[in-house]
**Q** 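Next up is a structure, given as structure tokens.
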2 protein chains.
Amino acid sequence: MTRPRSRRGGGRPTIADVARKAGVGAITVSRALREPGRVSEDLRRQIQVAVDELGYIPDPNARALASARAEVFGVLVPSLTNNVFAEVVRGIYDSLSDSPFRIQMGNTHYSGLEEERLLQLFASQRPAALIVAGIDQTPQSRKLLETAGCPVVQVMETGHDPVDMLVGFSHFDGGRAATEHLIEAGYRRIGFIGARMDPRSQRRLAGYRAAMESAGLFDPRLVTTTPLLSSVTLGRELLRDALAKMPSLDGVFCNNDDIALGVLFECRRAAIAVPKAIGIVGFNDLDMMQAAFPSVTSVRTHRYEIGRQAVAMALAAIAGRRPQQRVVDLGFELIRRESTAR
Amino acid sequence: MTRPRSRRGGGRPTIADVARKAGVGAITVSRALREPGRVSEDLRRQIQVAVDELGYIPDPNARALASARAEVFGVLVPSLTNNVFAEVVRGIYDSLSDSPFRIQMGNTHYSGLEEERLLQLFASQRPAALIVAGIDQTPQSRKLLETAGCPVVQVMETGHDPVDMLVGFSHFDGGRAATEHLIEAGYRRIGFIGARMDPRSQRRLAGYRAAMESAGLFDPRLVTTTPLLSSVTLGRELLRDALAKMPSLDGVFCNNDDIALGVLFECRRAAIAVPKAIGIVGFNDLDMMQAAFPSVTSVRTHRYEIGRQAVAMALAAIAGRRPQQRVVDLGFELIRRESTAR
DNA sequence: GCGAAAGATGGTAGCGCTACCATGCAAGGT
DNA sequence: ACCTTGCATGGTAGCGCTACCATCTTTCGC
């Protein structure tokens, strides 16, 4: 008696169909697919033939339900269009493309509340691992991460108290290095220009401030920020604001490269010589900083590598190999260019 | 006798726990959560209390298995870092953030083979809808989309033969409009500069060619392309190549804004006057085109809106409302700026 | 040559949820 | 009073897969 095609499920072949066709038990098919080493060469071949003939694809939902673990990486970032996170995400995708893991991404829009909501949603699927941007989760979110029961990698920052693992670099040091470079180049009235002051931007600002203070140059009127999202246009406006507040400005450390590019364009438009009258330093070193005229000094960050490293660590943890170091600092590099070559 | 906590499943509350606590059947809990209208006010309240007290979150995997349909939108794009797709994806995320649907994204790296692989993977989960970039799927991929058993929205282009639904605009018309604008502005030796000639770029090039030919201006030596990925730096190099091949070049239609920005920077560096000696038109109208100095004429595309519209159509189809029009053309806008104001 | 250990395979019983099909009951028509 | 109709609720039986345990075979030590 043939098993009647059930009312549900579009009639796609199941593991039982494969097992019947290959003349083995369903569990052996399951094993052949997941742990080939535990099935004899012969059966493995037989099963492969049946799989190919039927066009069998395992149902990830059934798999997740039965094994209480979904083959999914949950990835939470504050923005999808910000090139910085896009690069990290690209690193994550590339590292995972040959693995059985799928990726589920969430956009927190820089909101702690939204992050909590998404974390809850993600955790309900029992993901294989979670990758989240930043270390400033709400206590609620942190608890969710701690009890998620899977490896957790926080990315983009460094610190001593990760939930589980951490990959990134020091924004404070980056901000300080950028500012010190301007000081060394002879600039004195160095402004900080930043939009969307998320925790990472705050730390860069703190680094700027530390450098300025230890050189005896800090003045609060040198700092220009806005809660708006970064954009090149905004960079232009902020430089205008900064100059209005402090006409003697002779250098700017920009919170990111979009702002820096806007600042550069505004200088050209206002006929302010770069680097002579004003020195400019950006942050992240997007490709266009090198191509710009004049080319723009920037703090290069290894965003793609952060994504790759985060996945590598998560995969190791899944495989049961707890890494020797739970915190990896990938550092940054100050790339000196024409915009500060005075 | 209390039910022993099973060996599997971390002991999170299940629908049965909620049902017991609320003194109702499991199925009623299920209904109260998914179709509140079909459960009486009283029970609904009772169930809500139990849900809150237990901190119950439905298991999406079990749900997907039982209902043969996962609450997931599969999204396939060729690149994650290309701002164009990032914007579309942002529109998709924003439109879906208040819905129960999760998003699973795939990066095809502009590869048809990779697209097939991902499509197969995605389809195996029985997603609620699929959104894919472009209309040039391989026959294999197209079949997968047709038999996916869910709404499918192709995005970024327009055409008359979608798999199911289609949202975008005409790249051919965009390319033609940009080129015609240059011609009208008085430029004659107008080059096309493009990297990563995907099908959409090809259509823009075809539009350029049509405009040039009907003005009697086309010359194959005016076209400069490369298979490399677009970048600002590459724009600089390509302009150098184009000028070496054709020193009399007096205008360029750039396949995208990154290239256009590179072209602009190269002009400044080589002291070529823009728009006097060379006119520049970009494509997509990223924010920086407006901020640039001189500001750059570009073809504005409604990428975020494409994402939103795609989701709207998919949601309508899921709800059983087949849209009156299966193809939506969101058009484009030529934004004239200083770079062509001769 | 025998018992133990290790390896290969299979059967059974769920994972947590929902589709399907009752069942019970109130409202409405005749 | 009867039968219908519709609504609210519940029981049962899976969805397709894997964890767990049992069984059977093969290999090895002494």
Side-chain angles (χ1 to χ4, degrees), chain A residues 3-20 22-47 51 54-71 100 123-126 128 149, chain B residues 3-20 22-47 51 54-71 100 123-126 128 149:
Chain A
R3 151 166 168 283
R5 270 280 160 245
S6 91
R7 62 225 137 92
R8 280 136 86 169
R12 298 188 330 179
T14 72
I15 203 168
D17 297 325
V18 176
R20 208 170 311 123
V24 299
I27 190 68
T28 305
V29 175
S30 173
R31 268 197 287 259
L33 263 31
R34 291 177 305 131
E35 314 168 82
R38 293 192 43 192
V39 174
S40 71
E41 181 79 27
D42 274 6
L43 283 193
R44 222 185 307 158
R45 221 183 342 257
Q46 244 168 277
I47 288 167
V51 164
L54 291 171
Y56 169 72
I57 305 173
D59 181 330
N61 297 120
R63 201 170 249 193
L65 182 58
S67 62
R69 187 56 65 201
E71 292 191 314
S124 72
Q125 301 172 69
R126 309 161 189 266
Chain B
R3 150 169 168 282
R5 271 283 160 239
S6 90
R7 61 223 138 93
R8 282 135 85 169
R12 297 189 329 181
T14 72
I15 203 169
D17 297 324
V18 177
R20 208 170 310 121
V24 299
I27 189 69
T28 305
V29 174
S30 173
R31 268 199 287 261
L33 263 31
R34 291 177 305 131
E35 313 167 83
R38 292 191 44 191
V39 175
S40 71
E41 181 78 27
D42 273 6
L43 283 193
R44 222 185 306 157
R45 222 184 341 256
Q46 242 167 279
I47 289 168
V51 164
L54 293 170
Y56 168 72
I57 305 173
D59 181 330
N61 297 120
R63 202 170 246 192
L65 182 58
S67 62
R69 186 58 63 202
E71 291 191 314
S124 72
Q125 302 172 69
R126 309 161 190 263

**Q** Could you tell me how far apart Glu41(B) (CD) and dC7(D) (C1') are, to the nearest whole angstrom?
**A**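 The distance from CD of Glu41(B) to C1' of dC7(D) comes to 16 Å, rounded to the nearest Å.
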
**Q** May I have the distance from Leu43(B) (atom CG) to dG24(C) (atom C1'), rounded to whole angstrom?
**A**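 That distance rounds to 14 Å.
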
**Q** As a test of reading the structure: which of dT18(D), dC17(C), dG16(D) is closest to the side chain of Thr14(A), going by heavy atoms?
**A**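 Taking heavy atoms from C-beta onward, the closest nucleotide is dG16(D).
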
**Q** Need the bend value for the helix from dG1(C)-dC30(D) to dT30(C)-dA1(D): angle between end axes, 5 pairs each end, nearest 10°.
**A** 30°

**Q** Quickly work out the Ile15(A) CD1 to dT9(C) C1' distance and round it to whole Å.
**A** 14 Å

**Q** Return yes if a side-chain donor-acceptor contact under 3.5 Å exists between Ser67(B) and Arg63(B), otherwise no.
**A** no

**Q** In whole angstroms, how far is the P atom of dA19(C) from the CD1 atom of Ile27(B)?
**A**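 Computing the Ile27(B):CD1 to dA19(C):P distance gives 7 Å.
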
**Q** Take atom CG of Leu54(B) and atom P of dG16(C), then tell me their distance rounded to the nearest Å.
**A** 14 Å

**Q** Counting only non-hydrogen atoms, which of residues 28-38 of chain B are less than 4.0 Å from DNA chain C?
**A**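 Nucleic-acid contacts, sorted: Ser30(B), Arg34(B).
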
**Q** When you get a sec, tell me which of dC15(D), dC17(D), dT9(C) is the closest nucleotide to the side chain of Asp59(A)?
**A** dC17(D)

**Q** Is any side-chain N or O of Ser40(B) closer than 4.0 Å to OP1 or OP2 of dT9(D)?
**A**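 Yes, such a contact exists.
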
**Q** Taking CD1 from Ile57(B) and C1' from dG16(C), how many angstroms apart are they, rounded to a whole number?
**A** 14 Å

